[in-house]
Protein chains: 2
Amino acid sequence: MDVVTRLQLHNIKPSVQRIAIMQYLMDHHTHPTADEIYTALSPSIPTLSKTTVYNTLKLLSEHGAAQTLTIDERNTCYDANTAAHGHFLCKRCGKIYDLSTAEAPVQSQFMEGHNVHEIHYYYKGICKHCLEEERLYITKNN
Amino acid sequence: MDVVTRLQLHNIKPSVQRIAIMQYLMDHHTHPTADEIYTALSPSIPTLSKTTVYNTLKLLSEHGAAQTLTIDERNTCYDANTAAHGHFLCKRCGKIYDLSTAEAPVQSQFMEGHNVHEIHYYYKGICKHCLEEERLYITKNN
DNA sequence: GTACGTGCAAAGAATTTGCAGATAA
DNA sequence: TTATCTGCAAATTCTTTGCACGTAC
């Protein structure tokens, strides 16, 4: 879908900054932080301020155009994929991976009497790439 | 289980402060923040410092004697229940509720090639008590 | 021209770090 | 004694706020 259309569908006026940030999220499925987005876009939009990145990410999240991830204790991350899907955080390299929805717990609007709006689930451990590196290291040194 | 025993089982030396903090977590299933624990224990241990609370919570978490919750974007919360169980955060009152393990997604040590150490899943919405209050309010005003 | 959007600088909040004194095996 | 633990103060990091200027319709 077109970026501008997507913003409009969520009742967000498409400014240059908002388009750039939404576009970045749609292009990069790396679950970036506000700072990463700012650093990436700063060269092409020199006047961009971090405040605007924070404002825009909050706006996108509130209007359902992006998802806020609170996996990492340090930073809040953002994801253009707003469908309920799991995440895996590697404790070694810090990368966040998407997990297929197959792993999702059963969804329901009500749970033990509470009205559920958002579903988040994630796992932490060592990712397959770090496991592979470790395996190579062990092989090499034995 | 006894607090001291629990600490020792996780290879943590039981100091006065550590016992008090572990005890607090075991007694209060309110998923407190470092600050809440500090405020609660400060009167009985006047020399207690926030640094020690932070240090201890980190230690408990690293040694598997407590679980770190990153549901709330603002503060890190802690839970003495280290078994995989879900949480529900009420967006209105801010309370965190435990969910029965029945709602848990299927567990496995490996997932899409990644080695899973921790499983976290949580939901956000309006809790049953806030729903009830809202219902009473509507009834009263119509 | 009026409402909205942007960005600087400052404030705020949560957590960490450096270090010196206290404590315990 | 010797390593570990504690706690104050300062630093750090992430995020929000206040406010004035710009921009768009």
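No hydrogens, no waters, no symmetry mates; every other heavy atom, side chains included, goes into these values. Lettering follows sequence order; numbering is per chain, from 1.
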What pairs of donor and acceptor atoms, side-chain ones from residues 7-14 of chain B against any protein atom, are under 3.5 angstrom apart with sequence neighbours left out?
unit_1, atom_1, unit_2, atom_2, d
B/His10, ND1, B/Arg6, O, 2.9
B/His10, NE2, B/Gly64, O, 3.2

Output a table of nitrogen or oxygen pairs between the protein and nucleotides 21-24 of chain D separated by less than 3.5 Å.
none

For residues 54-61 of chain B, which side-chain N or O atoms pair as donor and acceptor with protein atoms under 3.5 Å away, sequence neighbours left out?
unit_1, atom_1, unit_2, atom_2, d
B/Asn55, ND2, B/Thr51, O, 3.4
B/Thr56, OG1, B/Thr52, O, 2.7
B/Ser61, OG, B/Thr68, OG1, 2.7

Expected output: side-chain B/Tyr122 to main-chain B/Ile71 donor-acceptor under 3.5 Å: no
DNA chain D-proximal residues of residues 33-58 of chain A, any heavy atom under 4.0 Å: A/Thr51, A/Tyr54
Backbone N/O of A/Asn75 and side chain of A/Thr33: donor-acceptor pair under 3.5 Å: no
Plane angle bin for B/His28 and B/Tyr24 - parallel if under 30°, tilted between 30 and 60°, otherwise perpendicular: parallel
B/His87 vs B/Asp98, side chain to side chain donor-acceptor pair (under 3.5 Å): CA-CA, chis, key distance, verdict: CA-CA 5 Å; B/His87 293 99; B/Asp98 284 310; 3.2 Å; yes
Sidechain N-carboxylate O distance under 4.0 Å for B/Lys124, B/Glu73: yes
Interface limits on DNA chain C, where chain B has a heavy atom under 4.0 Å of a nucleotide atom: C/dA14 to C/dT17
Stretch residues 2-18 of chain B: residues that reach within less than 4.0 Å of DNA chain C through a heavy atom: none
Check: A/Glu112 side chain, B/Ser100 main-chain N or O, donor-acceptor pair, under 3.5 Å: yes
Closest-nucleotide 5' rank along DNA chain C - winner of A/Arg74 and A/Leu59: A/Leu59
Aromatic ring pairing A/Tyr97/B/His114, orientation class (parallel under 30°, perpendicular over 60°, tilted between): tilted
Sidechain N-carboxylate O distance under 4.0 Å for B/Lys91, A/Glu118: yes
B/Gln67 side chain vs B/Asp79 backbone, donor-acceptor pair below 3.5 Å: no
